[in-house]
Trainee: 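Okay, handing you the structure first.
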Amino acid sequence: MVSKIECVDLTKSYQGDGVETTAVHKLNLCFKRNEFTSVIGRSGSGKSTLLSLLGTLDRPTKGKILYDGEEIGAKSHRRLADFRFEQVGFVFQQFHLLPTLNVLENVLTPLFGRKVSYHKHMRAKEVLDYVDLQDKTTALPSQLSGGQQQRVAIARAIIHKPSWLLVDEPTGNLDSIASERIFNLLKQLHQDDGCGVIFVTHESNLAARTERIITMQDGCVIKDQVGVPL
Amino acid sequence: MIHFIWKNWKRKKERLFLLLLGVVVIAAGLSYLVGLSDRNQLTITEELQQSWQSSYHIVVRPAGTRGETEHDDLLDTNFLSGISGGISTAQYEQIKAMTDIEMAAPIAFIGHVYFFLEFDKPNITEPGLYRFTSEHITGDGINQLTDRHTSYQSVNDHPGDSNFMADYYHPLNETPNLIMQSQLLAAIDPVEEAALVGLDQAILDIGNGRYFSDQDQATPIAENSYSYRLPILLSNRSYTDSELVYTYEKLEVEIDDNESPSQIYQRLESLGGQTYLDHLDGEPVEQFRYDDYQLFSYFANSLSRYDLETGEAYPASALLQDDFQLFMKVAPLAYEQKESPFPEQWPNAYRLKTVTIDSTINDQGRFTGYRNEERFDQSLPFINPEWIGFYDPSDLDIAQDPTTELPMETYRPIRAELVFNPVLQPFNPPIPLEPIGEGYSFLTSPPSMLTTLDHAEQILGDQIISAIRIKVEGVEGLTEQSQAKLEQIAEQIEQQTGLITDIMLGSSPQQTLVYLPQSDTDATEGWFQQPWIKLGAAMTIFREATLSYTTILLMTIAVAVLYVWATGLINLQARKKEFAILLAVGWRPRQVGKLLLTESVWLGGLTALISWLILGCVYWSEGVRFSLIRFVLAGIIGWIIYLLGSILPIMIASKISPIQTMQHGEIMTSSKGVLPTIGVITMALNHFFRKWRRYVLSVVTIALPSSLLTIFLYITLRLQGVMYTTSLGQYIAIDVGPVHYTAAIVALVIALLTTVEMIWQNVSERQSELAILKGVGWRTNQVRLLIWLEGFFTGLFASVISVVISFCISSWLEQAWTSDRIVHLFWTGFIPLVVGLIGSVIPAERAVRLTPVHGIYSGYSSRATLEKWLKWFAIIGIFALIITFVCMLFLLFL
Ligand SMILES: Nc1ncnc2c1ncn2[C@@H]1O[C@H](COP(=O)(O)OP(=O)(O)O)[C@@H](O)[C@H]1O
Ligand SMILES: [Mg+2]
């Protein structure tokens with residue numbers, strides 16, 4: 001159980017077409033599991049990059065990330081995969097469901113080839129219940145609305161009981177009613193399961209309802225303010 | 001995992017269909033190339049062993065008997081019977097004592113023995129002057145040579161004058177009607193010859209005829225003895241075509257009853273002598289005709305005192321004397337190189353050298369011929385042939401089919417066919433040439449009189465062996481080991497005895513043109529084709545055939561692996577995002593690799609199963625010989641192809657980063673187009689250059705099989721070059737050709753599949769782009785053209801690369817480049833272009849069918865019912881396959 005993620009001089013730059021883009025520049029931040037943190041900023045300000053670094057999807061160019069004081073980033077791909085499996089759940093803006101699998105199967109994908117202490121199918125039903133999709137288990141992603149797809153993605157992100165939920169603009173492609181539902185779901189997860197949530201968004205009204213609001217611009221944090229208690 | 005794979009395949013039915021098509025093509029190709037072409041390999045070996053086997057492995061001959069033709073590894077068919085001794089008995093014993101020599105049969109072609117046959121006398125009583133004409137007509141199957149003698153004979157009551165001699169006249173019946181004949185005498189070792197060709201089994205049951213035995217011990221010649229007794233086995237066949245005609249004509253010249261021979265002669269002289277008489281008309285009164293068989297049986301019957309035909313005793317003898325004179329040794333033919341007028345059909349041509357012969361035996365005096373007249377020492381004793389039995393050459397244990405024989409058997413006349421006259425006008429069909437009989441002529445008859453070496457040595461000394469025919473122990477059929485062993489033994493013989501050896505095992509007949517210039521000994525001038533012995537040809541063919549077969553098989557496998565790689569990479573490209581998601585949700589990278597590997601194992605297994613099924617059906621229905629190794633191999637190779645093919649995608653998959661999930665799905669244009677986009681063509685070109693990495697793969701996967709195809713053709717041509725010069729090769733080429741073409745076609749179909757997959761993937765990825773283009777009003781044909789252009793550019797680049805590759809490889813294989821080869825090369829350059837274009841047709845149609853909405857919202861159009869149906873279909877299909885397979889195994893092995 002990682003309860004604290006610390007960024008030390010975290011820098012990520014991309015080399016492309018001869019131009020170097022620094023997506024994230026010398027960030028020093030500390031995330032706590034008991035906080036529902038939101039990250040806002042304009043498009044291109046480095047939010048997604050930060051999230052992928054925190055979730056070990058990518059490695060920093062400079063600096064390091066400490067998970068409860070331990071540096072994970074330099075470990076093997078296999079160890080990183082295991083770390084993600086144990087600690088991190090992702091929710092993407094594009095939902096990224098596997099089109100060939102039905103809802104239940106999509107939710108089960110993180111558990112493929114893993115030994116777990118709980119019954120996989122029961123757990124899948126449980127999380128689908130949680131996101132209120134118990135009657136859609138055999139549907140294919142293409143038969144669902146955007147909001148439903150995103151809820152499947154959340155179910156998939158929490159099936160392996162991660163300690164952190166990294167959410168990248170989950171409501172970006174949704175209407176306000178669906179957005180509200182997703183936001184409430186995340187809030188509920190934070191409260192019920194004690195999941196640390198890092199919620200990237202560009203909707204300031206949603207961010208304003210979180211416990212901590214980090215504002216980014218050009219790869220730097222320009223504001224780090226306390227929000228409202230949930 | 002399997003469930004996951006199945007789901008993935010199920011959702012991409014068109015791709016699955018292509019994938020399965022690839023499986024079927026590879027399986028079918030493998031079952032033919034590995035499992036069935038085995039049949040051809042077997043045929044080759046069997047043919048070589050059965051039909052083209054000489055009854056001996058090595059032939060040893062005296063040093064100094066190499067001819068001009070041997071520069072081309074060619075042995076004149078006639079060569080053995082032209083060798084007049086040269087190997088000593090000591091050398092023979094030395095060879096015979098070597099290890100691993102199973103049989104060593106010596107043969108000495110001694111020469112032609114001459115004798116006179118006396119024929120019927122005319123029954124003419126009416127007094128008068130008669131003209132006697134003797135015509136000995138010998139034919140070679142094409143033309144005839146006539147030997148005509150005329151003399152004048154008188155009939156009256158005068159008792160005659162024993163002292164009288166004149167050149168063209170004598171009283172009738174005062175001297176016998178004689179004809180001089182000759183037969184070829186050879187000496188053999190009875191034991192070895194019996195073992196080698198079964199001569200002892202070919203003895204005819206005529207009279208007290210028998211084979212050589214212990215009775216026939218040779219004893220030294222008694223001092224001052226006039227003749228030496230030789231036991232003789234006589235052939236029952238004459239291979240010549242000759243006729244003897246005696247004609248008596250009465251002339252209008254009065255002969256008085258009491259006129260003496262010298263008075264008559266004087267009167268004839270005063271009338272004008274022979275010239276005058278030759279011009280007189282005569283009235284035929286009596287004629288005798290003897291055909292070839294009669295002539296031969298007169299001789300045979302007289303010698304054996306049995307009638308060759310009836311087997312009854314034959315009291316009379318037509319032989320003038322009992323002792324025959326050894327007169328003329330066998331002599332070789334000499335050739336000189338001549339440019340072949342048709343090198344395609346006859347790679348080698350020679351001109352027979354002529355010699356001027358100063359004959360003492362033939363009353364023609366000086367004449368031209370092909371063989372020198374080498375006379376025996378006239379002080380040698382005469383031979384006294386004692387018949388011990390008849391043998392029938394057709395009962396010998398030698399290849400009896402003259403079309404497939406190695407043309408060097410001692411017991412059969414040598415063949416030649418007239419194909420062109422001296423000015424190269426062809427004869428169609430060619431006219432066979434027959435031996436003309438006398439020892440001088442181009443074709444010689446096989447020896448008709450056989451004696452033992454021991455006896456012959458008593459008269460002629462101990463250096464009379466012309467050749468030794470050797471069989472080596474443990475040499476079974478045409479294999480590399482046999483060849484190596486023979487080479488080693490031949491080498492040993494040459495080193496220890498200084499004699500010449502030639503390995504006959506791997507030789508093959510090769511039609512060679514021989515130009516016969518005009519001569520007095522032979523009747524026909526012109527170009528003849530003769531099956532000569534191409535040394536080592538069969539071995540070369542065998543090696544080449546095996547080599548090219550192996551090369552082609554390996555190349556086909558390589559193309560198949562490339563195809564699997566290409567599809568694997570395309571597949572990977574299509575599923576990159578999917579794998580990134582799986583990695584992001586915590587899959588280990590190895591799991592992704594395992595997924596790909598499992599897919600390959602399944603596809604490989606399916607390939608194996610299908611090729612086994614095909615093979616099983618063929619083995620079972622066609623009754624082809626079952627080869628377990630080939631059977632197993634055909635399946636295993638299919639499996640290996642898919643496993644090998646999965647390596648590269650797995651390696652690349654392990655490098656996929658989960659970060660890709662964070663990137664948005666917009667059309668990513670990292671670099672600008674090379675050209676300004678002003679139309680369909682520039683748009684296609686720009687796309688081509690922008691996605692150059694992908695196209696490199698595509699271009700290479702087409703270019704490689706295409707250049708391999710060029711090499712296939714090249715190897716096939718080269719093989720045919722080796723093959724068509726020899727009869728054996730021609731025969732085998734018929735078997736080998738289809739294998740090569742099948743391999744090439746399989747490779748090409750695989751290349752086509754690769755292209756289809758590649759362009760298909762490009763179309764799938766650009767669905768939204770294409771949909772937008774349609775949305776903004778592009779016409780169907782423009783979209784079609786866009787995809788076609790993509791295929792065209794792929795093909796074009798592949799063409800260039802394949803031409804370069806094949807040019808490099810084939811110039812590495814062969815230094816000299818002929819212009820038609822280059823033309824050929826450029827033609828094959830069109831193949832990738834065609835493949836590229838055809839490959840783009842199906843994807844283009846798919847792109848055309850795309851509705852704009854469909855593309856933009858990239859909806860997943862799956863109908864549950866269809867899926868269920870497909871699932872059941874697949875399950876039933878696989879069960880059916882397995883059940884058929886089990887049944888087949890059952891049928892095959894029980
Ligand atoms: N793979 C990449 N290669 C090059 N530049 C990238 C890459 N990913 C992101 N960037 C750049 O990094 C910056 C930050 O991007 P991102 O983190 O996606 O921003 P946000 O999520 O805030 O919109 C942008 O300027 C973007 O262009
Ligand atoms: Mg972003």
Side-chain angles (χ1 to χ4, degrees), chain A residues 12 16-17 43 47-53 55-59 76-102 105-114 138-143 153 156-157 159-160 162 166 168-169 172 200, chain B residues 1-13 15-16 574-595 598 653-666 668-672 764 854 857-864 866-868:
Chain A
K12 178 75 191 178
D17 259 2
S43 181
K47 307 181 298 288
S48 297
T49 307
L50 174 65
L51 210 61
S52 65
L53 290 170
T56 72
L57 292 185
D58 208 356
R59 286 182 172 151
S76 71
H77 286 296
R78 182 194 154 97
R79 287 295 306 279
L80 287 182
D82 289 352
F83 175 80
R84 282 198 293 276
F85 177 71
E86 283 155 16
Q87 309 292 347
V88 187
F90 277 104
V91 178
F92 310 100
Q93 181 180 359
Q94 291 81 26
F95 325 140
H96 284 325
L97 297 178
L98 301 182
T100 58
L101 303 182
N102 66 25
E105 289 156 351
N106 258 297
V107 171
L108 277 168
T109 41
L111 302 182
F112 280 171
R114 296 273 183 184
T138 56
L140 287 165
S142 53
Q143 294 159 332
R156 180 178 67 183
I159 188 166
H160 52 293
L166 306 183
D168 190 7
E169 304 196 28
V200 169
Chain B
M1 186 79 91
I2 292 162
H3 180 73
F4 190 79
I5 293 168
W6 162 248
K7 287 272 171 178
N8 179 49
W9 280 350
K10 187 177 77 176
R11 288 302 306 260
K12 298 169 179 167
K13 281 179 228 41
R15 287 292 282 280
L16 180 65
R575 295 163 71 186
K576 238 179 180 162
K577 204 123 210 169
E578 178 185 326
F579 289 144
I581 297 166
L582 289 173
L583 288 169
V585 300
W587 273 42
R588 293 179 184 153
R590 181 174 291 187
Q591 264 176 294
V592 173
K594 219 166 120 189
L595 186 81
T598 315
S654 74
K655 299 240 162 62
I656 289 179
S657 160
I659 187 71
Q660 295 187 358
T661 47
M662 305 300 277
Q663 280 149 13
H664 301 261
E666 78 264 28
M668 290 260 291
T669 43
S670 52
S671 58
K672 287 206 301 185
S764 312
H854 186 101
Y857 296 107
S858 66
Y860 317 104
S861 74
S862 183
R863 281 150 298 185
L866 185 72
E867 259 169 48
K868 265 204 189 104

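Order of the sequence lines sets the chain letters (A, B, ...), proteins ahead of strands, with each chain counted from 1. Quick caveat: nothing in here was measured; it's all calculated off a predicted structure.
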Trainee: Where on A/Glu86 is there a heavy atom nearer than 4.5 Å to chain B: the side chain, the backbone, both, or neither?
Mentor: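 No part of A/Glu86 comes within 4.5 Å of chain B.
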Trainee: Looking at residues at least two apart in the chain, or sitting in another chain, which of them share a side chain to side chain contact (heavy atoms under 4.5 Å, CB included) with A/Arg78?
Mentor: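 So A/Arg78 forms a side chain to side chain contact (heavy atoms under 4.5 Å, CB included) with A/Ser76, A/Asp82, B/Arg588.
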Trainee: Could you tell me if the side chain of B/Leu582 sits less than 4.5 Å from the side chain of A/Leu98, heavy atoms only?
Mentor: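 Answer yes - side chains close enough.
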Trainee: Of the non-hydrogen atoms in B/Pro658 and A/Leu57, which two are nearest, and what is the gap between them?
Mentor: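 Shortest heavy-atom separation between B/Pro658 and A/Leu57 comes out as CB-CD2, 3.3 Å.
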Trainee: How close do B/Trp587 and A/Ala81 get, heavy atom to heavy atom, and via which atoms?
Mentor: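 Result for this residue pair: O-CB, 3.3 Å.
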Trainee: For a quick test of reading the model, state the closest non-hydrogen atom pair linking A/Arg156 to B/Ile581 and the distance between them.
Mentor: NH1-CG2, 3.4 Å
Trainee: For the side chain of A/Arg114 and the backbone of B/Gly586, is there at least one donor-acceptor N/O pair under 3.5 Å apart?
Mentor: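 Yes, because the side chain of A/Arg114 sits within donor-acceptor range (under 3.5 Å) of the backbone of B/Gly586.
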